[in-house]
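Comments concern the structure below.
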Amino acid sequence: MSLSVRILGASGGIGPNRRTTSILIDEDILIDAGIGVGDLTLSELQKIRHVFLTHSHLDHIGFLPMLADMVYSPDSPPIQIHALPATLKALREHVFNWVIWPDFTCLPTPAQPILEFRPIGSEEQVTIGSREVRALPALHTVPTVGYGVIHHDGMGFAFTGDTTSSEALWDALNALPYLDLLMIESGLPDEMDSLADLSKHYTPHRLSDDLDALRHDPRIAITHLKPGHEMAIRQQLQQSQYASRMVLLEGAERFELHAQNRTLKAG
Ligand SMILES: [Zn+2]
Ligand SMILES: [Zn+2]
């Protein structure tokens, strides 16, 4: 058994070969619905049964309306959209409001809609077959969670969402039973520290400091680099003592996690 993590988008902006955040877990679970969703074929889109949203920002939800419009099949149960209540409220009021897009939570019929909104608490979990998806508290400018995906056979993946330094997040990451791959942002370069503070994103220096708190020993997949600053962020991350474990995501990677690869730091 393995846990498949396919990165569809991992940029902090747009441009040639840059797509915003979206991750496909196995074939049926999508985390965030940024521009990367647009690369999936119709049959891949139709296999998605659960979408977990980290927060309401457009770079993470922008392609959810298009996804909903693509996947209708009279025999399929609704796609479950898991997110914080504040995120679901924002989607209802500002996106699926019949102005920006139709309300697919009551189409084609309220009894069997295309999307079903499922509120999740900031440390709640949902079991889907052999996998458990656990919300992780993050710290951003709007209510945000990350997600840990734990396979019962002993594999673990976590994505932090957009976040800055937060003790609760690192506590929650440490509480995961396994963590083979950690996808975390480093959105802005060190010299933009005050903007990172305002917009609540990580910089390479802050991230490197906080990684000291992690008791697991995962590969570290860096995401959400701001176009125009990618080179500076890359160079600053190379100074980190964790550089050898880092991979800077381009947005088209696939990771297959196997139980035997798991390592856990002592203590
Ligand atoms: Zn954001
Ligand atoms: Zn973002």
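Just so you know, ligand 1 is whichever comes first in the structure, and atom 1 is the first atom listed for that ligand. In what follows, residues are counted from 1 in the order of the sequence shown.
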- request: Considering just N/O/S atoms, say which atom of H224 is closest to the Zn ion (ligand 2).
  value: NE2

query: So which of the N, O or S atoms of D59 lies nearest the Zn ion (ligand 2)?
result: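 The closest N, O or S atom of D59 to the Zn ion (ligand 2) is OD2.
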
message: Under the criterion side chain to side chain donor-acceptor pair (under 3.5 Å), I'd like the reasoning laid out for S73 against D75: C-alpha separation, chi angles, the key distance, then a yes or no.
response: CA-CA 6 Å; S73 151; D75 306 323; 4.7 Å; no

message: If we check side-chain contact (heavy atoms from CB on, under 4.5 Å) with I48, which of these qualifies: D28, L40, I25?
response: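 Testing I48 for a side-chain contact (heavy atoms from CB on, under 4.5 Å) against D28, L40, I25 leaves exactly one candidate, L40.
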
- request: Could you tell me whether E93 and K89 make a salt bridge, using a distance below 4.0 angstrom between a side-chain N and a carboxylate O?
  value: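 Here E93 pairs with K89 in a salt bridge, since their nearest N and O are under 4.0 Å apart.
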
message: Between R206 and D197, does any NZ, NE, NH1 or NH2 come within less than 4.0 Å of an OD or OE carboxylate oxygen?
response: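 Judged by the 4.0 Å cut-off on N to carboxylate O distance, D197 and R206 do form a salt bridge.
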
task: Please state whether the separation between the Zn ion (ligand 1) and some N/O/S atom of H60 is under 2.8 Å?
output: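 For H60, the answer is no, given that no N, O or S atom comes within less than 2.8 Å of the Zn ion (ligand 1).
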
message: I'd like to know: is the Zn ion (ligand 1) within the 2.8 Å range of an N/O/S atom from H55, strictly under that distance?
response: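 True for H55.
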
message: Which label fits H60 and F159: parallel for a plane angle under 30°, tilted from 30 to 60°, or perpendicular past 60°?
response: parallel

message: Report the atom name of the nearest N/O/S atom of H57 relative to the Zn ion (ligand 1).
response: ND1

- request: With the Zn ion (ligand 1) at the centre, find the angle made by OD2 from D162 and NE2 from H140, to 10°.
  value: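 That angle works out to 100° after rounding to 10°.
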
